[in-house]
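To keep things clear, I will list the structure first and then write my remarks on it.
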Amino acid sequence: MLGPVILAASRSDRMRRLISAAPVTKQVVDRFIPGETVDEIVPIIQDLTSRGLELTMDVVGEDITTPEQAEAARDAYLQLIDRLKELELGTRAEMSVKLSMFGQALDGGHELALANVRPVVEAAAAIGTTVTLDAEDHTTLDSMFAIHEELRKDFPQTGCVIQAYLFRTEDDARRLAANGSRVRLVKGAYKEPAEVAYQQKHEIDKAYVRVLGILMEGAGYPMIGSHDPRLIAIAQELAHRVGRKLDEYEFQMLYGIRSDEHLRLAAEGHRMRVYTAYGTDWYGYFMRRLAEKPANLRFFLRSMVSKG
């Protein structure tokens, strides 16, 4: 399987330098990360919302080594929220944040990440939107869920992400679905050991459906993070079976992948949210997109052959 190899490369400084230096890389990266600054991303936000789509915005960057970098990450999100307020698009775009970017892995990282993310959650609420805490590798999840629970005391709309490939996720889904929170379900995009996660695609797909059923039957708001046509159809069937209305769940897909499907679902009346990343520290995000789906890797390799 190429996925684990690519995920290992996402942590390699040597591979980072090699891929970053390839002339074609910027062109291909732009497919998934359409800008580096707020000014560059604003036209993308305006275009997508004008097409009936909603967004979740991710300022990419995870390799935080100092508290000052964590504060800079916080400020980048606050700058984005200020622009959304100016554009009067606060209700159309939420934020997705990785707590590693807010200092979670540093000394005292749990408290530091909570202190840095809280102002972002507060500012998002002030313009009528919210924040979803992204899931990272399994060693960080207890801290993420604890921060999620703490934030929801004041901002109950705060969302979180769960990953179908982890053995623990069905229990997490039952707990979260019972308390009305917003939960995004994804397959998972980190290299996890066999002791904690399913390794085979068919096992992960089956787990995804089981967890999705738990979320649809629960009291929360499911957010279906998938590009898989079969899983999307299953989600629609499960929603219909439990009597959910179209505004009682949503689909989420990555910018640059299956864009026609984004528009199709929105045209059918579904809430369709496009996960849109921007920023300069794109490498880790980009490599996980390649690892998630063979077609993404083939696209990259074809581009290198044809343009290199």
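We count residues from 1, following the sequence as given. Since this is a predicted model, take the numbers as computed values, not measurements.
Rounding to the nearest 0.5 Å gives a distance of 6.0 Å between CG of Asp58 and CG of Asp134.
Arg92 pairs in a side chain to side chain contact (heavy atoms under 4.5 Å, CB included) with only one of the listed residues (Glu54, Gln46, Arg273), which is Glu54. Partner of Val131 under the side chain to side chain contact (heavy atoms under 4.5 Å, CB included) criterion, out of Ile81, Thr56, Val120: Val120 alone.
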Quick one, Lys85 with Asp82, criterion salt bridge (Lys or Arg N to Asp or Glu O under 4.0 Å). Give me CA distance, side-chain angles, the key distance, then yes/no. CA-CA 5 Å; Lys85 180 180 180 180; Asp82 283 344; over 6 Å; no
Test log, rule salt bridge (Lys or Arg N to Asp or Glu O under 4.0 Å), inputs Lys206 and Glu203:
CA-CA 5 Å; Lys206 288 180 180 179; Glu203 295 177 321; over 6 Å; no
* Decide side chain to side chain contact (heavy atoms under 4.5 Å, CB included) for Arg241 and Met216; before the verdict, give the C-alpha distance in whole Å, the side-chain angles of both, and the deciding distance to 0.1 Å. => CA-CA 9 Å; Arg241 187 181 304 171; Met216 285 292 188; over 6 Å; no
Practice task
For side-chain hydrogen bond (donor to acceptor under 3.5 Å, both in side chains), just list the numbers for Ser181 and Asn179, CA-CA rounded to whole Å, side-chain angles, deciding distance to a tenth of an Å, and then say yes or no.
Solution key: CA-CA 6 Å; Ser181 62; Asn179 66 8; 3.3 Å; yes
Begin from the C-alpha positions of Arg175 and Asp172 and carry the test side chain to side chain contact (heavy atoms under 4.5 Å, CB included) through to its verdict.
-> CA-CA 5 Å; Arg175 173 176 54 83; Asp172 289 331; 3.2 Å; yes
- [ ] For the pair Asp137 and Thr139, evaluate side-chain hydrogen bond (donor to acceptor under 3.5 Å, both in side chains) and give the outcome as yes or no after the intermediate values.
- [x] CA-CA 6 Å; Asp137 75 79; Thr139 64; 2.3 Å; yes
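Side-chain N or O atoms of His227 include one that pairs as donor or acceptor with a backbone N or O of Leu254 at under 3.5 Å. The closest donor-acceptor contact from the side chain of Glu136 to the backbone of Ser100 lies under 3.5 Å. Checked by atom type and distance alone, the side chain of Ser143 never pairs as donor or acceptor with a backbone atom of Thr140 at under 3.5 Å. With Glu192 contributing its side chain and Tyr198 its backbone, the two residues share no donor-acceptor pair below 3.5 Å. Looking at Arg271, its side chain never comes within 3.5 Å of a backbone N or O of Leu246 through a donor-acceptor pair. The backbone N or O of Ile224 sits nowhere less than 3.5 Å from a side-chain atom of Ser226 that would complete a donor-acceptor pair. In this structure, His148 contributes its side chain and Thr132 its backbone to no donor-acceptor pair below 3.5 Å. With hydrogens and angles disregarded, no donor-acceptor distance shorter than 3.5 Å links the side chain of Thr158 to the backbone of Arg152. Without hydrogens or angle criteria, Tyr77 side chain to Val59 main chain gives a donor-acceptor distance under 3.5 Å. A donor-acceptor pair under 3.5 Å links the side-chain atoms of Thr130 to the main chain of Gln157, judged by distance alone.
Cluster membership check: Leu141 shares its hydrophobic cluster with Val211, using side-chain heavy-atom separations under 4.5 Å among Ile, Leu, Val, Met, Phe, Trp and Tyr. The hydrophobic clustering, which links ILVMFWY residues whose side-chain heavy atoms are closer than 4.5 Å, places Met253 and Ile41 together. Placement of Phe145 and Val186 in two distinct hydrophobic clusters is found when ILVMFWY residues are connected by side-chain heavy-atom separations under 4.5 Å, directly or transitively. The hydrophobic clustering, which links ILVMFWY residues whose side-chain heavy atoms are closer than 4.5 Å, places Leu215 and Met223 apart. Residue Ile162 is grouped with residue Leu99 when hydrophobic side chains (ILVMFWY) are merged at heavy-atom distances under 4.5 angstrom, including chains of intermediate members.
Side-chain contact check for Arg83 versus Asp39: some heavy-atom pair is nearer than 4.5 Å.
Between Arg168 and Asp171 no salt bridge is recorded (no basic side-chain N to carboxylate O distance below 4.0 Å).
Considering every non-hydrogen atom in both Leu53 and Ala266, the closest pair reads CD2-CB, 3.8 Å. For the residue pair Leu185 and Tyr208, the shortest heavy atom distance occurs at O-OH, 3.0 Å.
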